[in-house]
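Please read the structure below before turning to the comments.
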Amino acid sequence: DTEVTQTPKHLVMGMTNKKSLKCEQHMGHRAMYWYKQKAKKPPELMFVYSYEKLSINESVPSRFSPECPNSSLLNLHLHALQPEDSALYLCASSQDLRGGSYEQYFGPGTRLTVT
Amino acid sequence: AQSVTQLGSHVSVSEGALVLLRCNYSSSVPPYLFWYVQYPNQGLQLLLKYTSAATLVKGINGFEAEFKKSETSFHLTKPSAHMSDAAEYFCAVTHTGANNLFFGTGTRLTVIP
């Protein structure tokens with residue numbers, strides 16, 4: 001099973017709301033990623049977790065707060081977002097960070113609209 | 001530093017014609033290369049990968065790519081396009097010890113009936 005699941009599929013939120021995106025994988029992968037993708041652009045890396053520890057934070061604003069409760073779950077907590085944060089948010093996982101050949105498996109994404 | 005360049009942001013082919021999507025990479029160390037496909041409003045799906053084994057890599061849905069070190073290229077091909085191939089295609093590169101994939105800007109493939 002090479003499936004990464006993400007919920008919700010769509011999310012509309014106001015600028016004062018707090019919401020969370022969820023990602024789950026059951027492939028035994030130890031690296032998990034959050035990406036942001038704007039229309040007609042490639043995914044932009046936001047965060048990387050390796051063995052449940054934050055490994056990379058690509059200078060993401062603090063209104064985005066990641067959390068990795070266990071090796072299968074990855075959350076992205078959202079607070080006080082701006083309209084320009086509207087995008088497709090993709091979660092991915094890979095076997096490990098230590099081997100560069102490990103491909104990333106992507107979830108279907110959450111389409112976020114900030115009003 | 002690593003990067004990939006995808007030549008042609010849009011490619012149109014007739015149904016049944018050859019598909020050729022171009023990717024050139026830049027890497028100071030041996031690269032690992034990937035092609036992903038993204039259908040509208042979906043995530044990215046891995047088509048194939050090159051990890052220093054065979055230079056001709058076969059993937060899903062009839063796609064294949066050839067790693068050419070002398071040309072620093074990893075072009076994606078399919079002998080006969082199908083309507084269902086219409087999508088966005090991303091080439092990506094990484095290397096041993098890297099923490100991330102570096103994506104190209106993508107090529108949108110249109111298949112004309």
Side-chain angles (χ1 to χ4, degrees), chain A residues 2-10 21 23-25 27 29-51 53-58 87-113, chain B residues 2-6 8-11 21 23 25 27-54 57 59-60 65 67 74 87-110:
Chain A
T2 57
E3 187 178 22
V4 176
T5 59
Q6 290 187 244
T7 55
K9 191 172 177 61
H10 300 278
L21 309 184
C23 173
E24 190 167 6
Q25 57 89 11
M27 295 178 277
H29 289 174
R30 302 317 300 266
M32 297 186 76
Y33 311 76
W34 279 116
Y35 289 88
K36 173 183 178 180
Q37 186 180 26
K38 301 286 273 186
K40 304 185 189 304
K41 298 289 187 184
E44 297 174 37
L45 183 67
M46 300 175 73
F47 302 104
V48 181
Y49 273 82
S50 176
Y51 288 82
K53 288 184 168 35
L54 185 63
S55 178
I56 295 177
N57 176 340
E58 290 286 356
L88 182 67
Y89 287 84
L90 294 165
C91 175
S93 70
S94 66
Q95 188 168 347
D96 202 311
L97 278 187
R98 293 173 293 187
S101 64
Y102 295 132
E103 60 271 25
Q104 294 182 21
Y105 293 91
F106 285 80
T110 293
R111 174 71 61 188
L112 174 67
T113 303
Chain B
Q2 291 192 303
S3 65
V4 290
T5 301
Q6 293 184 240
S9 58
H10 290 89
V11 170
L21 304 183
C23 173
Y25 69 91
S27 179
S28 57
V29 295
Y32 298 121
L33 292 156
F34 306 84
W35 275 101
Y36 283 87
V37 61
Q38 186 175 32
Y39 299 100
N41 296 313
Q42 294 188 26
L44 278 67
Q45 180 183 11
L46 180 68
L47 277 177
L48 49 80
K49 65 178 182 180
Y50 166 76
T51 57
S52 75
V57 181
I60 62 171
F67 174 73
F74 189 58
E88 188 84 22
Y89 291 79
F90 292 100
C91 182
V93 65
T94 189
H95 63 87
T96 299
N99 293 332
N100 191 32
L101 291 173
F102 297 90
F103 286 93
T105 51
T107 297
R108 178 166 298 277
L109 176 66
T110 300

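This structure is a prediction, so every number in the text was calculated from the model and none was measured. Lettering of chains follows the sequences in order, A, B, ..., and the numbering in each one begins at 1.
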Handout entry: Atom group of B:Tyr39 that falls short of 4.5 Å from chain A, counting heavy atoms
Key = neither

Practice task
Take atom NZ of A:Lys38 as the centre, draw a 6.0 Å sphere, and report whether it contains more than 12 heavy atoms from other residues, nucleotides or ligands.
Solution key: yes

Practice task
Give, as side chain, backbone, both or neither, the part of B:Gln45 having an atom under 4.5 angstrom from any heavy atom of chain A.
Solution key: neither

Handout entry: Rounded distance [0.5 Å steps], CG in A:Leu88 versus CD in B:Gln42
Key = 10.5 Å

Problem - Atom pair CG (B:Leu44) and OH (A:Tyr35), whose distance is rounded to the nearest 0.5 Å - result: 9.0 Å

Completion exercise
Tightest non-hydrogen contact, residues B:Gly104 and A:Pro42, listed as O-CB, 3.2 Å

Handout entry: Residue A:Asn57 excluded, over 12 heavy atoms near CG under 6.0 Å
Key = yes

Practice task
Check whether A:Gln37 gets within reach of chain B through its side chain, its backbone, both or neither, counting any heavy atom under 4.5 Å.
Solution key: side chain

Practice task
Below 4.5 Å from any heavy atom of chain A, which atoms of B:Glu88 appear? Answer side chain, backbone, both or neither.
Solution key: neither

Exercise for the section: Check step by step if side chain to side chain contact (heavy atoms under 4.5 Å, CB included) holds for A:Gln104 and B:Asn100. Expected result: CA-CA 9 Å; A:Gln104 294 182 21; B:Asn100 191 32; 3.8 Å; yes

Fill in the blank from the handout: Pair count under 4.5 Å, heavy atoms only, with chain A: among B:Pro31, B:Gly43, B:Ser52, B:Ser9, highest is B:Gly43

Exercise for the section: Examine whether an atom of B:Leu46 lies under 4.5 Å from a heavy atom of chain A, and if so say whether it belongs to the side chain, the backbone or both; otherwise answer neither. Expected result: side chain

